[in-house]
Amino acid sequence: MARRAPSPPPDDDAGPAEGRGGGFFRAVGRTAMELARLPVRLLRLARRIAGLALAAALFAVLLYRVVDPPLTPYMAGEVQRLGGVQQTWMPMERIAPVMARAALAAEDARFCRHWGFDLQEIRAALEDGGRRGASTITQQVVKNVYLWHGRSWPRKALEAGLTPVVEVAWPKRRILEVYLNVAEFGEGVFGVEAASRYHFGVAAADLSAVQAARLAAILPAPRMRDPAAPSDFVRRRAAAIRDGAATLARDGRADCVAASED
């Protein structure tokens, strides 16, 4: 019987070389798969972050329906800049009704009729080339309480998203109450109670119709106008606001912020 030729000796370098090459390609494949899954993971992370942000926003809106905001972002900045601010929170029951109506007449006459955005004012502002504002009291509350001051698209987008949420979650009377307590009435003077005492030496509950109208007249530019020593412009504006407030009381457009006993 013929003898079988012996097999050639194994090539000691072949196995390790093939192993190293196979490991390299497997690592490359795994990396490619991880990179392919990265957009999906980023999308999931973005969804989680968005969900948490939405939940936090809803919690903050519901919280401030019953809890008075202790400090706004703008007020915090003024505390740091000035070393302190004047503010004393007052419930609507301790704010003169003429002040509530004066604020509506000055800033948002259709407050009781809209859902957070005044479309008539927005159209008028667009026709005027954007030189006039169209923000409602609700929008100003959202900006003052939850956001920051300044013109920017991100802030406007957040304001537009939160405004209808606040309108749904808060009664109109609560929206105006918060507004009157966080609005700036002078450098370092926030809220109608501090403003009444600072400018006129009286409590917000004791404001006269003239005093309330003058306070409302300085709201667009509180650092440049003085209700206690009003310029001719402030006097004319305050007179128009006083007339407007009386009209709102007569035609019922201020009923949504009136107490049942008013």
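The model shown is predicted, which means the values in this text are computed figures rather than measured ones.
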Please report the C-alpha distance between V192 and L215 in whole Å, then the side-chain angles of each, then the deciding distance to 0.1 Å, and finally whether the side chain to side chain contact (heavy atoms under 4.5 Å, CB included) criterion is met. CA-CA 8 Å; V192 69; L215 283 178; 4.3 Å; yes

Apply side chain to side chain contact (heavy atoms under 4.5 Å, CB included) to residues I95 and L180 and explain how you reach the verdict. CA-CA 9 Å; I95 297 174; L180 290 173; 4.2 Å; yes

Test side chain to side chain donor-acceptor pair (under 3.5 Å) applied to T247 and R250, step by step: CA-CA 5 Å; T247 300; R250 286 194 303 269; 3.3 Å; yes

Decide yes or no on salt bridge (charged side-chain N to carboxylate O under 4.0 Å, His left out) for D255 and R113, but give the supporting numbers first. CA-CA 10 Å; D255 288 351; R113 306 289 174 86; over 6 Å; no

Tell me, with the steps shown, if K172 and L176 meet side chain to side chain contact (heavy atoms under 4.5 Å, CB included). CA-CA 6 Å; K172 287 283 192 177; L176 185 61; over 6 Å; no

Take E121 and R110 through the salt bridge (charged side-chain N to carboxylate O under 4.0 Å, His left out) test and state the conclusion after the steps. CA-CA 10 Å; E121 285 296 318; R110 284 181 285 272; 3.1 Å; yes

Can you list the steps and then say if D226 with H199 is a side chain to side chain contact (heavy atoms under 4.5 Å, CB included)? CA-CA 8 Å; D226 187 347; H199 292 295; 4.0 Å; yes

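In this structure, the ring pair (Phe, Tyr, Trp, His ring centres under 6.0 Å) partners of F190, at least two apart in sequence or on a different chain, are Y74.
P220 places a side-chain heavy atom less than 4.5 Å from the side chain of R237. Looking only at side-chain heavy atoms (C-beta outward), F117 and T138 stay at 4.5 Å or farther from each other. Here the side chains of M75 and P69 are not in contact, with every heavy-atom distance at 4.5 Å or above. With contacts defined as side-chain heavy-atom distances shorter than 4.5 Å, the pair R214/R235 qualifies. For the pair P227/F200, a side-chain contact is recorded, criterion being any heavy-atom separation below 4.5 Å from C-beta on. Residues Q139 and V142 have side chains not in contact (no heavy-atom distance under 4.5 Å, counting atoms from C-beta outward). W170 places a side-chain heavy atom less than 4.5 Å from the side chain of V61.
Checked for salt-bridge contact, R123 and E127 miss the test: no charged N lies under 4.0 Å from a carboxylate O. Taking the charged nitrogens against the carboxylate oxygens, R173 and E177 have no contact shorter than 4.0 Å, which rules out a salt bridge. Checked for salt-bridge contact, R223 and E184 meet the test: a charged N lies under 4.0 Å from a carboxylate O.
Judged by distance alone, the side chain of Q87 and the main-chain N or O of N181 form a donor-acceptor pair under 3.5 Å.
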